[in-house]
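What follows is a set of notes on a single structure, which appears directly below.
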Amino acid sequence: MANDPFDSADPIEIAAPPERVNYATGVLLDATDFRDEQTYHRSRLARALRYLVGFGTVAGLRVVPPAADDGELMLRVEPGLAIDRYGRLIETQGAQCISLAKWFAGQSTAVLTSAVQRSPRVTMAAAVVADVFLSAHACGRAKTPAFAAGPFDALDAAVPARIADAFRLELVPRAEGPPDPIPTPVNHWFDPSIEPDPAERRRRMIEAVLGSWDEAGDNGLAPLAEHVDGHDPSAVLLARIAIPVAIDAAAPAGTRPQLKLDERTSVDNSLRPVVFLPHKWVGHAIDTQPLVQP
């Protein structure tokens, strides 16, 4: 989704103070007061989600590889819900498709070459490896008349009538080469099931709680292991894909990898961070499929 020129920085990202608007009879209210009211409730919810359950996929959002006979290589992201690193809810209400063939054609030769990984790092002879990330995105909807704001003088000024809690899907090439592995998410939260001694288990649980306060600094969120410099550090990893290509290991510099349509793209859904609640109640059978396809 394209950036909206009417967007401003999300107050949740700049850690707006938890202050409620104080209403009283006769108080004059303006747009700032109503924005502050929204910000208070949004930021309190985001803070609770962030520290109670963390971030990651909550439900759905399975990434499905292209069909064997699909020349456009349509990657599908199923509907679902996630929580980003600020605690914001990200919901996709319908399936989203990414044409890997068009994405591949739009990348420079240098970018594709840097993301080529070879066996045994991938399950095929050679592949361009990229990660699918999901991030929150505010998007203005419709327009409504308003007074001109800022250093402007207009009689036909307009603003968005609504701000949609939308999303952005991004394919990020992985240029990390051997011998180091491609980084994957790491969960540092203590798992009490691995500690048999009750006293030691309690001690480690308290240490985890006391040490888990993690606020963004003046420069925003610090990237995690799975994030690539220059991309949104609040984004949630959904899957890692390997697109089969043909390129000789001894090919001269500047040789462009070519798609191999006779091999299927591999999708690994197992690397993503997830929000799993052990006692969640689900009233129908879970749709189980392999985490790595095909």
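Model, not experiment: these values are computed from the prediction.
One finds the CG atom of D33 at 12.0 Å from the CD atom of Q38 (value rounded to the nearest 0.5 Å). Note that CZ of F167 and NE2 of H137 are 10.0 Å apart. Values are rounded to the nearest 0.5 Å. Rounding to the nearest 0.5 angstrom, the gap separating the CZ atom in R44 from the OG1 atom in T39 is 11.5 Å. A distance of 5.5 Å separates CG in L134 from CG in L169, rounded to the nearest 0.5 Å. Expressed to the nearest 0.5 Å, how far CG of L49 lies from CD1 of I83 amounts to 4.5 Å. Here the CG atom belonging to L73 is positioned 7.0 Å from the OG atom belonging to S99, to the nearest 0.5 angstrom.
Listed by first and then second residue, the ring pair (Phe, Tyr, Trp, His ring centres under 6.0 Å) pairs that reach into residues 200-253 are Y51-W213, F133-H227, sequence neighbours excluded.
With hydrophobic clusters built from ILVMFWY side chains whose heavy atoms lie under 4.5 angstrom apart, L259 shares a cluster with V132. Both V58 and L45 belong to a common hydrophobic cluster when Ile, Leu, Val, Met, Phe, Trp and Tyr are linked at side-chain heavy-atom distances under 4.5 angstrom. Two different hydrophobic clusters hold L277 and W189 under the rule that ILVMFWY side chains link at heavy-atom gaps under 4.5 Å. Residues I98 and L261 share a single hydrophobic cluster, defined by chaining ILVMFWY side chains whose heavy atoms lie under 4.5 Å apart. Placement of V245 and W103 within a single hydrophobic cluster is found when ILVMFWY residues are connected by side-chain heavy-atom separations under 4.5 Å, directly or transitively.
Between R203 and E200, at least one side-chain nitrogen of the basic residue sits less than 4.0 Å from a carboxylate oxygen of the acidic one, meeting the salt-bridge criterion. Using a cut-off of 4.0 Å between Lys/Arg side-chain N and Asp/Glu carboxylate O, R240 and D131 are scored as salt-bridged. Using a 4.0 Å cut-off between charged side-chain N and carboxylate O, R168 and D232 make no salt bridge.
Q289 and D287 share a donor-acceptor pair across their side chains, judged by distance under 3.5 Å alone. Side-chain contact check for R85 and S234: no donor-acceptor pair (N or O, by modelled atom type) lies under 3.5 Å. Between the side chains of Q117 and R121, a donor-acceptor pair is found at a separation under 3.5 Å.
The nearest pair of heavy atoms linking P66 to R264 is O-NH2, 2.9 Å. Here the closest heavy-atom approach between residue E226 and residue P185 is recorded as OE1-CA, 3.4 Å. Pairing each heavy atom of V236 with each of G56, the nearest pair is CG1-CA, 3.8 Å. Nearest heavy-atom pair across P233 and P223 is CB-CA, 4.0 Å. Scanning all heavy atoms of the two residues, the minimum distance from P294 to T265 falls at CD-O, 3.0 Å. Of all the heavy atoms in R62 and P290, the pair that sits closest is NH1-O, 3.9 Å.
Two residues are said to be in side-chain contact when any heavy atoms from C-beta on lie closer than 4.5 Å; L221 and Y86 meet this criterion. Between I247 and R118 the shortest side-chain heavy-atom distance falls below 4.5 Å. Annotation: side chain of I241 is in contact with side chain of L171 (closest heavy-atom distance under 4.5 Å). Contact of the V292 side chain with the N269 side chain is not registered, since no non-hydrogen atoms from C-beta on lie closer than 4.5 Å. No side-chain heavy atom of V64 sits less than 4.5 Å from a side-chain heavy atom of L75. Taking 4.5 Å as the limit, some side-chain heavy atom of F190 sits within range of a side-chain heavy atom of R201. Between F104 and P257, some side-chain heavy-atom pair lies under the 4.5 Å cut-off. With contacts defined as side-chain heavy-atom distances shorter than 4.5 Å, the pair L112/R256 qualifies.
Heavy atoms from other residues, nucleotides or ligands lying under 6.0 Å from CZ of R76 number 12 at most. More than 12 non-hydrogen atoms from other residues, nucleotides or ligands lie less than 6.0 angstrom from OH of Y23. Within 6.0 Å of CZ in R202 there are 12 or fewer heavy atoms belonging to other residues, nucleotides or ligands.
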Checklist entry - Should L89 and L81 be marked as a side chain to side chain contact (heavy atoms under 4.5 Å, CB included) after you check the CA-CA gap, both sets of side-chain angles, and the distance that decides it? => result CA-CA 7 Å; L89 293 169; L81 182 69; 4.3 Å; yes
Next on the checklist: Determine whether V63 and D268 satisfy the following criterion, side chain to side chain contact (heavy atoms under 4.5 Å, CB included), listing intermediate values before the conclusion.
Outcome noted: CA-CA 8 Å; V63 180; D268 187 349; over 6 Å; no
Item to check | Verdict with supporting geometry, R88 and D165, salt bridge (charged side-chain N to carboxylate O under 4.0 Å, His left out) | outcome: CA-CA 9 Å; R88 294 175 295 195; D165 287 341; over 6 Å; no
Next on the checklist: Checking L100 against M74 for the side chain to side chain contact (heavy atoms under 4.5 Å, CB included) test, could you report, in this order, the C-alpha distance in whole Å, the side-chain angles of both residues, the deciding distance, and whether it holds?
Outcome noted: CA-CA 6 Å; L100 296 181; M74 298 300 293; over 6 Å; no
Next on the checklist: Show, in sequence, the C-alpha distance, side-chain angles and deciding distance for D214 and R50, and conclude whether the side chain to side chain contact (heavy atoms under 4.5 Å, CB included) test is met.
Outcome noted: CA-CA 10 Å; D214 180 27; R50 178 182 179 186; 4.0 Å; yes
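Although no hydrogens or angles enter the test, the distance criterion places no donor-acceptor pair under 3.5 Å between the side chain of T113 and the main chain of A110. Although no hydrogens or angles enter the test, the distance criterion places no donor-acceptor pair under 3.5 Å between the side chain of E195 and the main chain of S193.
Exactly one of D84, I90, L224 qualifies for a side chain to side chain contact (heavy atoms under 4.5 Å, CB included) with F55. That residue is L224.
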